Each structure stands twice: as structure tokens, then as C-alpha cells.
Amino acid sequence: MDRVLMKGNEALAEGAILAGCRGFFGYPITPSSEIAEYMARKMPTIGGVFVQAESELAAINMVYGGSSAGFRVMTASSGPGISLKQEGISFLSEGELPCVVVNVSRGGPGLGGIQPSQADYFQATRGGGHGDYHTIVVAPSGVQEMMDLTMQAFYWADYHRIPVMIMLEGTLGNLMEPITVREPVTEFVDKPWATNGCKDRAPNVMNTLHLDSDFLEKRNHHLQAKYEKIQQECKRAETFMIEDADIVIVAFGLMGRIAKKSVSEARKQGVKAGLIRPITLWPFPDDVIKSAAQTAKRFLSVEINMGQMIEDIKLAIEGRVPVEFYGRIGISPNPEEISRQIINIAAREGWI
Amino acid sequence: MKTVFQKPKSLQDNKFHYCPGCTHGIIHRLIAECLDEMDIREKTIGICPVGCSVLAYDYFNFDTLEAAHGRAPAIGTAIKRLLPDRFVFTYQGDGDLASIGMGEIVHASLRGEKITTFFINNTLYGMTGGQMAPTTLLGQVATTCPYGRKAEWEGYPAHMAELLAGNEGAAYICRTAVNSPANVMKTKKAIKKALEVQQRGLGFSMVEILSTCPTNWGLNPVEAMKWMEDKMFPTYPLGEFKCVE
Ligand SMILES: Cc1ncc(C[n+]2csc(CCOP(=O)(O)OP(=O)(O)O)c2C)c(N)n1
Ligand code: SF4
């Protein structure tokens, strides 16, 4: 297999194409526009469709249409644009329409800033729009993962009939790394529910209105059962040196990548540190965290926000071990900054 | 025995839920008849709006989607681009199309999307109980312009056919009414023409259809027809506004 040097955003877009994505609907916003620009160049050459929509509202509804027609489709945006897409994501969730939504996150609230951010963690993992629903959320931390998780996202989307969000920071999109380019997907999940013309079958209806309250409740139970199954099957996390760790760092995406260096540095300084990097943010890999909590003395959540994932860590640990937080906004903490935090905690607790 | 009248195949065998004297049902039937006559039922995907016709998927007998409020043209855009040999139409009220969905309809027509829109103009929001729409006439009373629509306060009625006809991507734009048998027949002709424009790939097509809402106008069905003629026709003249051959 070919090893090639690729930029994160390109790897993500190529991963989508390899996964069979044939419709991309976007609206420019920094730092996500590069994905749309790549798709604008690529789609016409492979018989796919690219539309620059008039807004993120229109873009996500194009995704709704394209997915309902039976195609693998994607959109990418950031902060304010992802907020506009939430109505559509809620409809896609109830319609059980597979799709991939990329959030190249930026800081907020409001127009915020374009620096790396993880401030959309709550929005992404709690559904984000109206109603009781979840999307699967994955957070790559390198270029190879940008390709692989994108392909995985399309598979999960089709297999579970659910929107999948890929959350990343702009820095990862611009990162260049050598990767192994995967083979194109050739086997696809059947979509007998697609609204693509009722030749030789009864008409299909894609509908999210349920005025009958019993039926609405039934639909919600159906969705919850699906989410339960996803929780059992899809949790992913990378672990690093957690077996004997006194302190376990939990960090995802770009932060997970940086924190790995800090853990190695802290080990050099005599602190038994370890790292859990959630790869799926929803479902949250609480099993790994729970089992690490049996031996670790302390957890440290490191995030590029004011403390969001820490809530999921605490829920997983159920009060058995203290959880601390370190975060920055508008800038990602560097490895030394985090290793200093780790060493300070170790010194304060008298471990070194 | 010769059959002289029957339910179109493109309609399901369900009773319409519309109020007495509401013309949504007539328009559903005309669309269904045209699809039958063109023999394209199995190739058609209809996109229903949020509004009184939100349940249109219970009446049409072909693939349908129910859109978020105003977004049908965006949904239609993607379906048609990905399945260019299918027929895609949106069915939208005036709140859906001319208010919350103004962006989507204007841009779908600017891009010349090869879809057809049936735009039902009844001058107000039927489903939510008779609030003002962009198409509410000057002087007309609605629950959110209880003193009658005044230009200084609520601005002017939206002329969607005229507005969209100005877009280069629009190939066929027409306004009709369903107030009389003759106008019903004219509406059917316009619906078919719009679908033929789509078939020939000429661009975006829309038929704006003046429709009644006796319930929220506070009139009986007969009075409602007369009100449409007396009040709506002067503001919304019937005819073709664009016809690319
Ligand atoms: C985002 C959103 N805003 C508001 C509503 C409430 N709503 C439902 S129907 C409707 C108006 C529909 O009026 P119109 O398009 O004129 O259709 P009609 O009912 O007259 O046929 C509104 C505002 C909604 N469903 N979604
Ligand atoms: S409220 Fe008006 S538009 Fe709605 S069904 Fe009744 S008459 Fe028709």
C-alpha cells in the first residue's frame, strides 16, 4: 500500500471519497473551507455532486435530501455554521438518515475566533439540536486517523442509520503526515427506505412529524434502543501507559496528541502518568475510564475549552477518584505546560 | 361501462383533512392527474412543506419527504442533482416559501435547479391559526396584524412569481388560481407545463397558485372564492411571467 504525504483536510476529504461519498454540500467558513474547496475540485471528476449552498441551513437540508435519496453525503463547517445546521441534524436524526457532518471547531461563543478549540464538545455530544437524540461523534488526532475515521464514520452512518460528526481542530486539518491510503469501499449497506422513485415497490416516505403521542413515544424508544446498541458497539479510545498510572490524563483530538508527549515527559521526571484519548466522544468510552479509576489516584481532563468533557469523566468515575481540569481557550496548551501541571499535582500529593 | 372519472393513481385512497372550501385538495389532485398523464409517478419525488399541507405525504401515492419549514428547495436540489432523471417537486405555502424559506427558493431559482415548485398562496399562515404572511394583502386583517396590514408597519406583500421570474435560472414562472372550473383547468395546464420544463431540463419552474383559506379568512367557502377574486386578483395578477421555450 502507498505511503503518501498528506494534509489532514485532504486525507479527510479523500477518505470520504474512498468511502463512496458522492455528494458534498458546503458553505465557506474558516477553518473548514479547505474541505469544501477540495470537494469542489474533486467531485466533478468522479461523477459526484458539489453544491456551494446559500447557507449552512440550506447545506444541511441538501444533506437531508441527498441522504434520503440513498447516497453517501457530507457537509463541513465550523462554530456558527454548525449551530445553524442543528435544526437539520435533529431532522436527520429522527429521519434516521445517514450522513457525515464535519466540525472543524473554532472558539466561541458568538463569532469567537478561528484558533483551535474544543468548545463545541457539549453541543456535539448532547445532540445539539432539539429533541432526544445523539449523533456518533469521532475525534481524530492525526492525519491517518482523519482518513480512517472518516471512512469509519460513513460505515457507522449507514449501518446504524445515524448522522456521524467528525470533530477536529483546524491545526489537525493543516497537519502534514505520511499516511497509508486505504482501498476504496466496494460493499455498501442496502437502503430500501430511500426516496428515489417508487418503481416496482410501495412509496417510501421520509417524515419526522408524529402528531400521535403514542407513536412519538414509540419512535423515541426506538431511537434510544439504537443508541444503546451503539454504546455497546462503537466506543473507541486509545490508551497510553495507564496500567500503573497514578495520574491519568484524559484528552481528545489535537489535545490528546499533545498530552501524549506530556505523559512521556512526566514519566521521565518520575511521575507515573498515563493517557486515555477518547476517539469516540459519543459514545463516550466510559468503560476504559471506569477501569482505570480502579487503580489511578487522580484524573486530569485537559481540554481546549473551559471544562466540558470533565463532566463525562466524572459520570464515568462516579466519584471514586478526584478529577481535575486544565484548559485554555483560543490557544492549545503545549506539552510542557501540561507536564508541568502533572508534576505539580504529583508534588502537591506527595508522590514525588 | 366506460369510466369517465376516477381517482388518479398518484393519489392514495385517503380522505383529505383540509377544511371545507380549502383548495389545497384541488391542487393535490391536479398535480396527481398531471403525473398520471405524463406517466411519471414512479419517477417522482415530492417534498412536502411545514404548513397545512404537511400531511401531503398521506395523500400522494409516490415517494415523498417532509421538509423542515421552508427548506424544501434545498432538499429538492440535492435529490435532483444526484438523481437527474427523476422528477422532483416541492409543494409550499406562502409562510414556508416566501418567509422562512425565502433564501432557499431564491437560490434554487438562481441556480436554475431543474425542479418544480408548486407555491400555494392563501395570504396567511393557515396551520398556525391565521397569522400574517409576507403575502398578506394591504389592509387585510390577520391575527398578528389585527388592525389590518399597513405598509408603514408591516411592509408590502411579496410578489413571488414576479420576483423569481427575474432570475436567469428560472425557465417557467406562472401564477394561476383555482377559483373557477376554467381557472382550475388553466392551473392544470400550468402544472403540466412546469413539469415538462423540468423534463426538458430547461431550468427552475414554479406555478404560484392562489388558494383559499375560508377558516382563517372567516368566510364560508363560496364567499372565500369571491374574496379571492375581489381582493387577491388585483394584487396578484394571473398569467405567465417567464416562459423559456
Ligand atoms: C422553524 C419553524 N418555525 C415555525 C413553525 C410553525 N409553523 C408551522 S406551519 C407555519 C406556517 C405555515 O403557513 P403557510 O406556509 O402559509 O402554509 P398554510 O398552512 O397556509 O398552508 C408555521 C409558522 C415551524 N413548524 N417550524
Ligand atoms: S386552515 Fe386554511 S389552509 Fe389550512 S386546511 Fe383550513 S382552510 Fe385550508
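The sequence lines fix the lettering, A, B, ..., with proteins before strands; numbering per chain opens at 1. On a predicted model such as this, the values are computed, not experimentally measured, just so you know.
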Toward chain A, the part of [X] with a non-hydrogen atom under 4.5 Å:
X       : answer
B/Arg81 : both
B/Ala72 : neither
B/Thr64 : both
B/Ile47 : neither
B/Arg41 : both
B/Ile45 : side chain

[Y] and [X] side chains, donor-acceptor separation under 3.5 Å:
X        : Y        : value
A/Ser77  : A/Ser32  : no
B/Trp217 : B/Thr123 : yes
B/Gln12  : B/Asn61  : no
B/Thr212 : B/Thr23  : yes

message: For A/Lys42, run the salt bridge (Lys or Arg N to Asp or Glu O under 4.0 Å) check against A/Glu37, A/Glu14, A/Glu10 and tell me which one passes.
response: A/Glu14
What part of [X] gets within 4.5 angstrom of chain B, counting heavy atoms only: side chain, backbone, both, or neither?
X        : result
A/Ala194 : backbone
A/Phe24  : neither
A/Thr208 : both

message: Is the distance from the ring center of B/Tyr172 to that of B/Phe241 below 6.0 Å?
response: no
- request: Step through it carefully: locate the ring centre of B/His24, locate the ring centre of B/Phe16, and say whether they are under 6.0 Å apart.
  value: no
field: Aromatic ring pairing A/Phe91/A/His130, orientation class (parallel under 30°, perpendicular over 60°, tilted between)
entry: perpendicular
Choice from B/Glu66, B/Arg86, B/Lys80 maximising heavy atom contacts with chain A below 4.5 Å: B/Glu66
statement: Most heavy-atom pairs under 4.5 Å with chain B, out of A/Tyr64, A/Phe71, A/Phe25, belong to A/Phe71
query: Under a 4.5 Å heavy-atom cutoff, which of A/Val205, A/Val73, A/Val63 has the most pairs with chain B?
result: A/Val205
